[in-house]
2 protein chains.
Amino acid sequence: MNLSFKQLQAFREVMRTGSISEAARALNRTQPAVSSLITTLEAELGIDLFERNRGRLIKKPEAQFFLEETEAILERLNHCTKTMKEIADLKEGRLRIACMPASSQFMMPRLVADFVRDKPQVKVSLMMRASAIIEEWIASQQFDIGLAETPAPSGAIKTETFELACICALRSDDPLAEKSIITPKDLSGRPLATLQEDHPNLLATQAAFKSAGAQFNARFELRNFQPALKLVEEGLCYCICDPMTASSYYEYQLQEQALCFRPFAPEVHLSVAILQPAHRPASELSSAFIDILRADLLAINQQFQT
Amino acid sequence: MNLSFKQLQAFREVMRTGSISEAARALNRTQPAVSSLITTLEAELGIDLFERNRGRLIKKPEAQFFLEETEAILERLNHCTKTMKEIADLKEGRLRIACMPASSQFMMPRLVADFVRDKPQVKVSLMMRASAIIEEWIASQQFDIGLAETPAPSGAIKTETFELACICALRSDDPLAEKSIITPKDLSGRPLATLQEDHPNLLATQAAFKSAGAQFNARFELRNFQPALKLVEEGLCYCICDPMTASSYYEYQLQEQALCFRPFAPEVHLSVAILQPAHRPASELSSAFIDILRADLLAINQQFQT
DNA sequence: CATATCCATAAGATAAATCTATGGTTCGAT
DNA sequence: ATCGAACCATAGATTTATCTTATGGATATG
């Protein structure tokens, strides 16, 4: 089987125009070139497609059948290359994203919306889960991109870590809002909403308080910072939360913002990471999305550091 | 769009084996050859299909998609060439045959049956009609092959004429059966079954009688010779009929043949023809069938000339 | 640390496609 | 009839594409 697309294209053109010379003109080739293409095509198929009668070509019934196949193949090929071009231009494709709760409500939807605005053919799966689940999904290649708390190193996951500087959430009418930077001393003994148990972020916060000689009063222990802001709004506590959660607050609480955020010193981090399946290259689409995701994470991390 | 099947085959093999070197071995090419095929393929698609990581190839998700398309195209092409081979070997195709009554009952079915015995994929339409209808069907290209009485010359029909020597049908117990050749003199004044009105065959028969000085007694006028044999069996008449009709008699009247046939002199012909649409080449299948049809007509024409 | 395997590249060799030139045939119009 | 314009096929020259050999760099394996 040594056919070529050129032969098929030449054959199609000959069938359309009814003559080799005409087809040659349409294809910007010389007549002998097309003649040869047809001859070798017939030889490879083992059957004559045209009858050479009195110096002219006459289509044989077999040619009609072969034309249908030819059209189908060329059409498919054409469509396929077009699709690949679309994929190359990021106009088409599939993107499966799994993200942690802090980013799921506003940040990630906003990024996805911006990203796909000019890509009507791109399909997106966007799932919110706890970081541990996201790890599994990425490791098992069920998702292309994950945003989660930094997992333990694993051969199955490629990570790009971001140390998000946590900031202090407090009521705008709180006296502490006067300060441009909040320290453990400021919050000494005051009720806090924190992450639970042995979360690295909690440990780091406790360490900051301890080394500053401040009293650490964890009143609310939560799985993540999202619900904490309501508690702060109610005046029940303070919260040293990650900037993604803080940023979300501005995105949904557009008017009458009861809360404000202040940098916290010393820096306490929440370590998050962009996750990708290892041993499998990212699609062009993934890479492009990760670019804007990275940029947004860096921007959010800066947003509250004045 | 300048892709080639070679590139697709190479790509498929690389996807299967996971490496260029392996694929090259499978394809009986050198590794650089395959490498180049893949490179140019990527260039023409405008997108990388593999990631070159630490000296190895890693499939990108885009490659997976493209593979599906590639498989489909190659599969279709493969199937198509196979079918063309079948067609070339006359193992596949379509044959539309229209035949006149004299040949429809035994001769043509027998020929078709012989022809398609080893061609299970060949589809046949076999229709019996009066010669005038067959002409129309062939001229309008509704049928590929016609067997009919020779029509008036027409630009739309290609004809191959056979002058069938008519023979005399008579009862085996008739005294005339003793003779090896029947002449108009033998039948002078005796009742005949003939074709009707101004049919050339009737006119020719009448002329033979006249020039022999014999009396022509047309007792039964029929549209064709088939029913005549029954009348001869009943002893009601003689019939100078065409050899196809006579041959049919042997094919269905296997035992107790009440009739016999004798050559008639001078020769009186029934002119029949194989018809094909003009300005359209025959399929390989048509040509092949016409070959055996021609042979059979010649054989039948000899059969009664002892 | 040596060895084997992988891929890419370059240069030369081979094969394929294309073009130019030509001749034969048919058809239509002088 | 004869001429000219189409048509197609073939042959030889030329360009283009493809393959191979040779080589070097990178990475795994034992």
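A note on names: the letters A, B, ... follow the listed sequences, proteins ahead of strands, and every chain is numbered from 1.
Between B:Ile38 atom CD1 and D:dC19 atom C1' the separation is 15 Å, expressed in whole Å. In this entry the distance linking CD of A:Gln31 with C1' of D:dA11 reads 13 Å, nearest Å. Rounded to an integer number of Å, the gap from CD of A:Glu51 to P of D:dC8 is 14 Å. We find that CZ of B:Arg52 is positioned 18 Å from C1' of D:dG24, with the value rounded to whole Å. Between the P atom of D:dC7 and the NZ atom of A:Lys59 lies a distance of 15 Å, rounded to the nearest Å.
The side chain of A:Ser36 places no N or O atom within less than 4.0 Å of a non-bridging phosphate oxygen (OP1 or OP2) of D:dT10.
Of the residues near DNA chain D, A:Lys6 and A:Ile20, the one whose nearest nucleotide (by heavy atom distance) lies more toward the 5' end is A:Ile20. Ranked by how close their nearest DNA chain D nucleotide is to the 5' end, B:Arg56 and B:Leu37 are led by B:Leu37.
Here the side chain of A:Gln302 pairs no donor or acceptor atom with the backbone of A:Ala299 at under 3.5 angstrom.
None of B:Lys59, B:Gln64, B:Lys60 except one satisfies the side-chain contact (heavy atoms from CB on, under 4.5 Å) rule with B:Glu62; the exception is B:Lys60. For the side-chain contact (heavy atoms from CB on, under 4.5 Å) with B:Phe162, the lone residue among B:Val272, B:Asn301, B:Leu147 that qualifies is B:Val272.
Under the 30°/60° scheme for interplanar angles, the aromatic rings of A:Phe11 and A:Phe66 are found to be tilted.
Within 4.0 Å of B:Ala33, counting heavy atoms only, lies at least one base atom of the nucleic acid. Counting any heavy atom pair closer than 4.0 Å across all strands shown, B:Thr30 reaches a base atom.
Nucleotides of DNA chain C that come within less than 4.0 Å of any heavy atom of chain B span, from the 5' end to the 3' end, C:dT5 to C:dT9.
Here the side chains of B:Val14 and B:Leu37 are not in contact, with every heavy-atom distance at 4.5 Å or above. Inter-residue side-chain proximity for B:Ser19 and B:Leu57 is flagged as unmet; no heavy-atom pair is nearer than 4.5 Å.
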